[in-house]
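Just so it is clear: chains get the letters A, B, ... in the order the sequence lines come, proteins before strands, and each one is counted from 1.
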Amino acid sequence: MDTLHNFYMGLTVALQPTNLFYCFIGCLGGTLVGVLPGIGCTAAVAMLLPATFHLNPISAIIMLSGIAYGSAYGGSTTAILVNVPGETSSVVTCMDGYQMARKGRAGPALGMAAFGSFIAGTLAVVGVMLLSPILARAALLFGPPEYFALMIMSMTIVTYLVQGSMPRALIMVGLGLILGTVGMDPMSGRDRFVYGILELKDGISVATMAIGMFGVAEILSSIGASRNTEIFAAKIKGYLPNRQDLKDCAAPIGRATLLGFAMGIFPGLSPMIPTYLSYGIEKRLSKHPEKFGTGVIEGVAAPEACNNAASTAGFVPLLSLGIPSNAYNAVLLGAFMIYGLQPGPLLIQSNPTFFWGVVASMYIGNVMLVILNLPLIPLWVTVLRIPYSLLSAMILVFCFLGAYSINNSMTDVITTFIFGIVGYLLKKYDFERAPLVLAFVLGPLIENALRQSLRGSDGNFGIFFTRPISASFLIVAIGIVLTAMIKKRTFVDKIAEDTN
Amino acid sequence: MKDSHRISSLFFLVLSIFVCQQAIVIGVGSLHTPGPGLLSFSAGLGVGCLSLWLLLETFISKRTHKEKTKKETNLNTSSFIMVCVSLFVYAMAVNWLGFVLSTFLFMIFLLRLTESHRWWITIIEASLITMGNYVIFVVWLGLSLPKGFFAW
């Protein structure tokens, strides 16, 4: 009853005209970001973050959250119509979605992607409502050792679940931790890696890093490339799936929602992993697995439902523990701190209006998206026809403006461009950037927890293993590292191979 | 492929040595009283060990790593370097020329490099992008941008 009462309170906040407007802007912007290949929701949120400084925190977070689930919807549009995933979580949707479009069934594919996403998103919001307060209450028992161990476990999960080499991902984690120490140490007041540069005293901004690494770097990677794309817009006949489609997709959507939610709440997990798993499960459970990849509607419904559930579930650790589950949530965590909100288990207690307002807005955002997404497809098709050279030039200017608007400082812009080149080089040399950003955001929290734990235990490192919760997290982390050392193929590479 | 792995491993190894040395200067402290350099020293040490392992692996291992599909740009290396340099020139020119003029010139440069349209098309495209951004960020969102000498 308390939950329902609180949700009702949240609805009264989310339904205020101002918040409805910003929810709409976030969803629309997120869908646009999802439609456009080359820019992800992480860079988009980082670029828009400075523009939200003058808003009240609830409106700002509502808008920025809308970008996340909006981009999940938008990514499916390009995946189905153009065979290019707008977001990494839409990679799997390309497999059957595009084939359905080629057969003249683009409409039902788009419709089912939207309905599946809506159902999964709605159920995931219910999960967030129920689970976050419980987790927050449990986390009140956490002390610095538990937080340290949990964040270390998050880092190992992230590095285990990247494609490619785990040692390289761990190097990125180390680099992120090092970059997170740049600036003045809050405990001792000592400058670290500042070298007399005034602008570095406050540390590196997460927004400049995210815009550079995920915005500028992507553009530098693909600048000059032309995209010869055939858009199947002419053959879109109707968006409503038929009765057989609904019957075929009911169970896959249910399973995908549970899987996406269960995996999405784990810190460090990219939404791409559950979508691969979901597709693989549906393929194995299907009576006609050989048809997967030729244009079956379950191959669209399941991954789309899964990725929406996973991206919504990512808010659970963020809102209840203050731990981001992916790079996008890491930037959002930075936003919380900028707005003066202390993320963590006390957030729900100290700011119930904020928490329940954001949760209610997620549900409203899902409703907006399912209503808007399909009628706006002609608009997205028009956007897709814009030559990529123009789009990449525009995005570079957006990156400049996003970086400049943080502090009205050209130093931030130059830092962003430097990170853009660094991000490009990391991508070129097969280093994943997400572990770096995650470690960068978590680094100060990890350091704080580590130092407090060691001071409290008088330098005894055993404190992390004598406390049961902390010991459990660390044992899981050690197990993951050992598993990675024994297995030749990474978990993600195996899933990708099984799915193809 | 192995060469690029060696270069990257060597780079991170050198970086880790630098970070560890600097962390010691900052002050690692002790386990009883951890200093401000503890985390950066630990992270640097970890990066160093992993880089060394990867570097040695490139000499010892016969197994070739699966190469991810890379998106190659259509620009040659010199044009790509020009794009990177132009980003910094643009950032420095904004304060002097103002946002509108410097963005317009930057767009013309970038579009000429990546497209093969006629000049008048490029000028129209650059104008639309510049004015579009000006309307969204300055007029609508109220962002204050440098006006430069010409006070645009």
Side-chain angles (χ1 to χ4, degrees), chain A residues 50-51 54 163-165 167-168 170-171 173-178 180-181 185 187-188 190-193 216 220-226 387 389-390 392-394 396-398 400-401 404-405 408 410 413-414 417 420-421 427-431 443 446-447 450-451 454-455 458-461 493, chain B residues 4-5 7-8 12 15-16 19 22 26-27 30-40 43-44 46-47 50-51 53-54 65-68 70-75 79-80 83-84 87-88 90-92 94-95 103 106-107 110-111 113-115 125 129-130 132-133 137 141-145:
Chain A
H54 67 284
Q163 268 186 299
S165 158
R168 299 165 83 76
L170 283 169
I171 287 174
V173 167
L175 185 61
L177 290 174
I178 292 164
T181 61
D185 173 37
M187 280 192 184
S188 63
R190 182 86 195 258
D191 283 341
R192 298 184 292 190
F193 304 104
V216 177
L220 289 177
S221 297
S222 54
I223 200 159
S226 60
S389 53
L390 269 185
S392 51
M394 278 195 293
L396 274 179
V397 179
F398 284 154
F400 165 87
L401 289 165
Y404 183 80
S405 56
N408 278 20
M410 214 49 75
V413 174
I414 291 172
F417 290 156
I421 294 171
K427 197 175 172 186
K428 186 177 162 68
Y429 286 96
D430 295 330
F431 286 95
I446 290 173
E447 183 178 30
L450 174 66
R451 286 163 87 175
L454 289 174
R455 279 176 201 264
D458 206 27
N460 180 8
F461 219 82
D493 290 335
Chain B
S4 67
H5 281 186
I7 292 168
S8 57
F12 282 115
L15 181 69
S16 67
V19 166
Q22 289 293 298
I26 291 166
S30 64
L31 285 180
H32 296 272
T33 46
L38 177 65
L39 184 68
S40 30
V47 168
L50 288 163
S51 319
W53 175 13
L54 288 176
H65 293 277
K66 198 170 173 184
E67 190 162 341
K68 281 193 326 193
K70 292 190 178 82
K71 276 192 229 175
E72 294 294 337
T73 70
N74 281 358
L75 299 180
S79 298
F80 177 74
V83 170
C84 292
L87 287 173
F88 295 100
Y90 170 49
M92 287 186 284
V94 168
N95 276 332
T103 303
F106 176 59
M107 287 294 101
L110 209 61
L111 292 169
L113 207 59
T114 55
E115 290 181 333
E125 287 173 344
I129 293 172
T130 305
N133 279 293
F137 284 88
L141 291 173
L143 182 64
S144 171
L145 290 170

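Of the residues considered (B:Ser16, B:Gly44, B:Ser40), B:Ser40 shows the highest number of contacts with chain A, using heavy-atom pairs under 4.5 Å. If you tally non-hydrogen atom pairs under 4.5 Å between each of A:Val413, A:Val397, A:Ile414 and chain B, the highest count goes to A:Val397. Among A:Gly176, A:Ser188, A:Ala393, the residue making the largest number of heavy-atom pairs under 4.5 Å with chain B is A:Ala393. Your options are B:Pro34, B:Ala43, B:Gly27, and the one with the most heavy-atom pairs under 4.5 Å with chain A is B:Pro34. Interface summary for chain B: among A:Ile446, A:Asn460, A:Leu401, A:Leu170, the most heavy-atom pairs under 4.5 angstrom belong to A:Leu401. When each of B:Leu145, B:Ile26, B:Thr33 is scored by its heavy-atom pairs under 4.5 Å with chain A, the top score falls to B:Ile26.
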message = With side-chain contact (heavy atoms from CB on, under 4.5 Å) as the criterion, how do B:Phe137 and A:Ser405 come out once you've worked through the C-alpha distance, each side chain's angles and the decisive distance to 0.1 Å?
response = CA-CA 9 Å; B:Phe137 284 88; A:Ser405 56; 5.8 Å; no
query = Does the side-chain contact (heavy atoms from CB on, under 4.5 Å) test come out yes or no for B:Leu111 and A:Leu390, once each step is laid out?
reply = CA-CA 7 Å; B:Leu111 292 169; A:Leu390 269 185; 3.9 Å; yes
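Interface residue A:Leu450: only side-chain heavy atoms are found under 4.5 Å from chain B. With a 4.5 angstrom heavy-atom cutoff, B:Ser51 touches chain A via backbone and side-chain atoms both. Neither the backbone nor the side chain of A:Val173 comes within less than 4.5 Å of any heavy atom of chain B. Contact of A:Ile421 with chain B is made through the side chain alone, with heavy-atom distances under 4.5 Å. A:Asn408 touches chain B through its side chain: at least one heavy atom from C-beta onward sits under 4.5 Å away, while N, CA, C and O do not. Proximity to chain A (any heavy atom under 4.5 Å) is restricted, for B:Leu110, to the side chain, taken from C-beta onward. Looking at A:Leu175, the atoms closer than 4.5 Å to chain B (heavy atoms on both sides) sit in the backbone and in the side chain alike. Using a 4.5 Å cut-off between heavy atoms, A:Thr181 touches chain B through its side chain atoms alone. Both the backbone and the side chain of A:Met394 come within contact range of chain B, with heavy atoms under 4.5 Å apart. Contacts between B:Leu54 and chain A at a heavy-atom distance below 4.5 Å involve the side chain alone, from C-beta outward.
Although no hydrogens or angles enter the test, the distance criterion places no donor-acceptor pair under 3.5 Å between the side chain of A:Arg190 and the main chain of B:Pro36. Put simply, the side chain of A:Arg451 never gets that close to the backbone of B:Leu38: no donor and acceptor are under 3.5 Å apart. In terms of modelled atom types and a separation under 3.5 Å, the side chain of A:Arg192 and the main chain of B:Gly37 share no donor-acceptor contact.
Note: B:Phe12 and A:Tyr429 fail the aromatic proximity criterion, with ring centroids not under 6.0 Å apart.
Between B:His5 and A:Arg168, the closest side-chain pair of non-hydrogen atoms falls below 4.5 Å.
Qualifying ring-ring contact (aromatic ring centres under 6.0 Å, His included) partners for A:Phe417, counting only residues two or more places apart in sequence or in other chains: none.
Considering CG of B:Leu87 and CG of A:Leu220, their distance stands at 6.0 Å, rounded to 0.5 Å.
Ring pair A:Phe400/B:Tyr90 is tilted by interplanar angle, where 30° to 60° counts as tilted.
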